[in-house]
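Working notes for the structure below.
All figures in this text were calculated on a predicted structure; none of them were measured in a lab. Labels below follow one simple rule: chain letters A, B, ... track the order of the sequence lines, proteins then strands, and each chain is numbered from 1.
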Amino acid sequence: EDKVVQSPLSLVVHEGDTVTLNCSYEVTNFRSLLWYKQEKKAPTFLFMLTSSGIEKKSGRLSSILDKKELSSILNITATQTGDSAIYLCATKAGNMLTFGGGTRLMVKP
Amino acid sequence: GAVVSQHPSWVICKSGTSVKIECRSLDFQATTMFWYRQFPKQSLMLMATSNEGSKATYEQGVEKDKFLINHASLTLSTLTVTSAHPEDSSFYICSASGDRSSYEQYFGPGTRLTVT
C-alpha cells in the first residue's frame with residue numbers, strides 16, 4: 001500500500017522565520033511528488049518534482065526531491081502570516097495522487 | 001490555466017435524502033476526474049476515479065451504491081450521495097486531469113455537505 005508521511009504535523013512560528021516541511025514516501029510506480037497549499041477550500045498547486053536534486057523555487061518557497069531517500073522538503077523563508085495554511089504533499093503514481101496527512105503551519109505576527 | 005468548478009459550494013440536507021454534486025472542467029477536456037473526501041483537520045482521501053464513458057473505480061472501503069459517480073461527458077462528472085446520513089457530512093473535492101498521461105490534477109473549490 002502506498003504511503004506518504006509528512007512531518008511535523010503542525011508548526012507555529014513567528015513572521016520572518018524560515019520553516020522546513022518534510023515529506024517521505026513509499027510508493028510503487030512513483031512518477032512525481034507534488035506540493036499543495038490548502039487554506040479554506042481546495043488545495044492550490046505549488047510545485048511538481050520529478051527529478052532528484054533539482055530545486056524548484058517560487059518566491060520565498062522552494063522545494064527539492066531526494067529519490068534516494070524517498071523524501072522531499074518544502075522551505076519557506078521569511079514567513080508571513082499569509083503563509084498560514086495546511087501544506088500537503090502528494091505522490092503521483094500512474095494517474096493517481098496519494099496525499100500525506102499535511103502539515104498545519106501557523107505564522108504569528 | 002485550467003479551471004474546475006463545483007456546484008453547489010455548500011449544501012445542507014436532511015437524513016435520508018440524496019444530494020448531487022457537480023464537477024465541471026471549464027476550459028479543458030477532462031478524461032479523468034477524481035473525487036476526494038476531507039474530514040476536518042485531515043488530509044484528502046481519494047474516493048474514486050472516473051474516466052469519461054466508463055464506470056468509476058472506487059477505493060477500498062467506499063460504497064459504490066452510496067456514492068454514485070457518473071462521468072458522462074468530457075467536462076462533467078457528478079457525485080450523488082444517496083440516502084445521506086450525518087456521518088456523510090464532509091468536504092468533497094473533485095479534481096480533473098486533461099489526459100491519461102497528464103501530471104497535473106486541477107482541483108475544484110470543494111463542496112461542503114452537512115447532513116442533519
Side chain to side chain contact (heavy atoms under 4.5 Å, CB included) test vs A:Leu74 passes for just one of A:Leu49, A:Leu21, A:Ile64, A:Asn22, namely A:Leu21
Cluster check B:Phe34, B:Leu44: I/L/V/M/F/W/Y, side chain < 4.5 angstrom | yes
Hits for ring-ring contact (aromatic ring centres under 6.0 Å, His included) against B:Tyr36, two or more places apart or cross-chain, chain-then-number order -> A:Phe99, B:Phe107
Under 4.5 Å to a heavy atom of chain A? For B:Gln6 that would be neither
Applying a strict 4.5 Å limit to non-hydrogen atoms, the region of B:Gln60 in contact with chain A is neither
Applying a strict 4.5 Å limit to non-hydrogen atoms, the region of A:Gln38 in contact with chain B is side chain
Applied to residues 36-69 of chain B, the disulfide (SG to SG under 2.5 Å) test, sequence neighbours excluded, yields none
Okay, B:Leu46 and chain A: the region with an atom under 4.5 Å from a heavy atom over there is side chain
